[in-house]
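Inspection log for the structure reproduced underneath, given as structure tokens.
Basis for what follows: all heavy atoms, side chains included, without hydrogens, waters or symmetry-related copies. Each ligand, and each atom within it, is numbered from 1 in the order the structure gives. Along the sequence shown, residues are numbered consecutively beginning with 1.
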Amino acid sequence: MNSKIPEIYGSLVFNDKVMRDKLPKDIYKALRKTIDNNTHLEIDVANAVAVAMKEWAIENGATHFTHWFQPLTGYTAEKHDSFISPGPCGDIIMDFSGKELVKGEPDASSFPSGGLRATFEARGYTNWDPTSPAFIKDKTLCIPTAFCSYSGEALDKKTPLLRSMEALSKEAVKMLKILGKENVSGVSTTVGPEQEYFLIDEEDYKLRKDLIFTGRTLLGAMPPKGQEMEDHYFGALKPRVSEFMHELDEELWKLGIPAKTKHNEVAPCQHELAPVFDTTNVAVDRNQLTMEVMKKVAKKHGYVCLLHEKPFAGVNGSGKHNNWSISINGGDNLLDPGKTPDENIQFLVFLMAVISAVDDYADLLRLSVASAGNDHRLGANEAPPAIISIFLGDELTAVLDALEKDKLFDKKGRVQLEMGAKVLPHIFRDTTDRNRTSPFAFTGNKFEFRSLGSSFSVAGPNTVLNTAVAEELSKFSEELKGVPKSKLNEAVHEMLKKALKAHKRVIFNGNGYTDEWVKEAEKRGLYNFKSTPDVLPQLLAKKNVELFKKHGIYSETEIHARYEIMLENYCKTLHIEALTLQDMINKQFAPALMAYTDEVVGTALSKKSLLKTLSTEAEEKLAAQLSDYYTEILKRNEKLKKDTEKAQKITDSLKQAVFYHETVIKDMEELRKVADEAEGLIPEDLLPYPTYEQMLFYV
Ligand code: ADP
Ligand code: MG
């Protein structure tokens, strides 16, 4: 198989090599220009590309094509059209035009739009994104596209992401020019998302309504052993899991997804996959595809792949680490501390832009990772706290400290006093520091945003990150406007000092899991949004609306639409959870409890009928206990039912979300608590669904 890797790698992708082979030279050049410089694509070029693409796709077994897009559901969407077209003699020809490649017109009325698109205007448009390569999946040529309404508002996750990449590129190029790099045509952000997931047996999954309907278990007591021995982390792979991972790698490689590392994670049945990084929009598309392929390959191996943020209470949930950096197109990583003083200035400017961005827009970053699922993780001492702060490591912090105090940081890392002279420090790359509790950590030449949930599209967080950094760079450029070259170093130094003073409160190298940090963060004036309904209103905060408008990421209408959709998603998720739990209690758990009580009572009765003097004390005690649980469970289930109905009647969407958060979730937790206690008394074979033990330890 090893020798085959280069052969299969990218075999299902219309990549640069295929384009070069299949396209006439001038067409290839024109397309390349569109991809690299974001220029308009002429229709004759599109026609020629379409022909080549169709031929390549058919050669590789495709019969259909689809515009593949990312509506605000968080999933990908596709509508397949076959290539066939009636021929002149009652036959068929395989046809695909430039127009079909470039634009699609799916009926969009059933996708969430937050009121952006009235149903009488249900048309939506998909527009080809030539920067993300087309690929073949299920005999279908998939063309990555952006999705917008009839009047041009974004209805997806890709459009704002592309806008944010453009905004950052523009501002970074402007800044680099000020710093003396005149010939930079563009700058891209890069992303490497590490993906966590659980694998459980499909047989078990099929018996759990909670997993089927909500992606997480709503009931289930922890077995005697959880993850406390930490024996699963990086442990040897079980043969069946290993087979799954091999096939997964292979399927991903075919799709040109550079899957690189894989290992067991902390919780039992939990694993991780990390690819080599890509340009952000390509990385986003590929991560969406990775999640889809994971699920599909899992099924083939008799597993179900769970991507929910918290499938099991009591063991770690799953997240996604968003490794992120900025690079000059075809050149330097701007977050790589350089070897020369010039490179160091560049590094410090971009570093400070990120620090300022994270401080100024911590609320938006927090919001970008908010969801009902992720609420179970953030701040729960298994994932970063909900407080957004930056980890820089000791050395870089010392460098910045020296900068602020006008001291020189020498080659050996000693701080020297440098009276009067304003010299920018020397910096060395340091990758030794690791702090797993920080939500936003510098890791040598990139930042790692660790608060994302495992099921997320990484588009949203990166849109915020790109835009916020673009804004800080734009402010920096404004400050340096008109400074003569001879004074530039000093002006940059002063600017960085000022920014550092203003934003250093967001830097925190300590343990983010402690209560002291929560108090300290509050003292520093940092945000601490504990839940999704808590943070969502920040989307409408004036500074944030201004930010998105200024950089052309979202119009005000688009922002309001997204706000509504996020609230709606939150409420719907909890509503489904509440109904599922009631259903499981009513139809499965309570009857099982009742059946067992019957059995116990029956035992007592038959003992007595056999011999009056036989003791039935144990049975009576157990029966009483079971009966008490039964009563309590039904009582709490009734409260949940009433509150769920109440929630449904609230018309204001924020108030509704808050009610779900404060009341319905609590009801669910309280109900679960007694049910899980009672579960400890019921024989396993009487439970109508597999226990935690069966799901987590018998895979
Ligand atoms: P960890 O120690 O956090 O597990 P890994 O080395 O497993 O880190 O993963 C790091 C991830 O960061 C990989 O996906 C890698 O491709 C990605 N990465 C490396 N350099 C960059 C960069 N310049 N921009 C974005 N991502 C990067
Ligand atoms: Mg990581």
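- Those atoms of ligand 1 with a heavy atom of Thr190 less than 4.0 angstrom away are 22 (C), 23 (N), 24 (N), 25 (C).
- In this structure Thr34 satisfies the side chain to side chain contact (heavy atoms under 4.5 Å, CB included) test together with Thr39, Leu41, Pro130, sequence neighbours excluded.
- Remark: ligand 1 atoms within the under-4.0 Å shell around heavy atoms of Val276 are 16 (O).
- Taking the centre and axis of the six-membered ring of Phe135, the NZ or CZ atom of Arg286 falls outside the cone set by 45° and 6.0 Å.
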- Message: Before you tell me yes or no, could you show the steps for Tyr233 and Gln227 under side chain to side chain contact (heavy atoms under 4.5 Å, CB included), namely the whole-Å CA-CA distance, both residues' side-chain angles and the distance that decides it to 0.1 Å?
- Response: CA-CA 9 Å; Tyr233 191 54; Gln227 65 183 38; over 6 Å; no
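- Atoms of ligand 1 found under 4.0 Å from any heavy atom of Asn333, numbered from 1 in the order shown, are 23 (N).
- Between Val191 and ligand 1, not a single N/O pair is under 3.5 Å apart.
- Under 4.0 Å from ligand 1, the heavy atoms of Glu448 that appear belong solely to its side chain.
- Where the criterion is an N or O separation shorter than 3.5 Å, residue side chain and backbone included, Asn445 fails it with respect to ligand 1.
- Aromatic ring orientation, Phe548 versus Tyr554: perpendicular (interplanar angle above 60°, classes split at 30° and 60°).
- Distances from atom 21 (C) of ligand 1 to the heavy atoms of Phe447, Phe277, Trp324 show the closest one on Phe277.
- With distances taken over non-hydrogen atoms, the option nearest atom 7 (O) of ligand 1 out of His263, Glu194, Gln195 is Glu194.
- Among the atoms of Pro275, some N or O lies under 3.5 angstrom from an N or O of ligand 1.
- Geometrically, ligand 1 and Glu272 share no nitrogen or oxygen pair separated by less than 3.5 Å.
- Here Tyr9 pairs with Trp253, Pro258 under the side chain to side chain contact (heavy atoms under 4.5 Å, CB included) rule; sequence neighbours left out.
- Electrostatic pairing of Arg524 and Glu520 counts as a salt bridge here, judged by a charged N lying under 4.0 Å from a carboxylate O.
- Between Asp16 and Arg32 there is a salt bridge, since a side-chain N of the basic residue sits under 4.0 Å from a carboxylate O of the acidic one.
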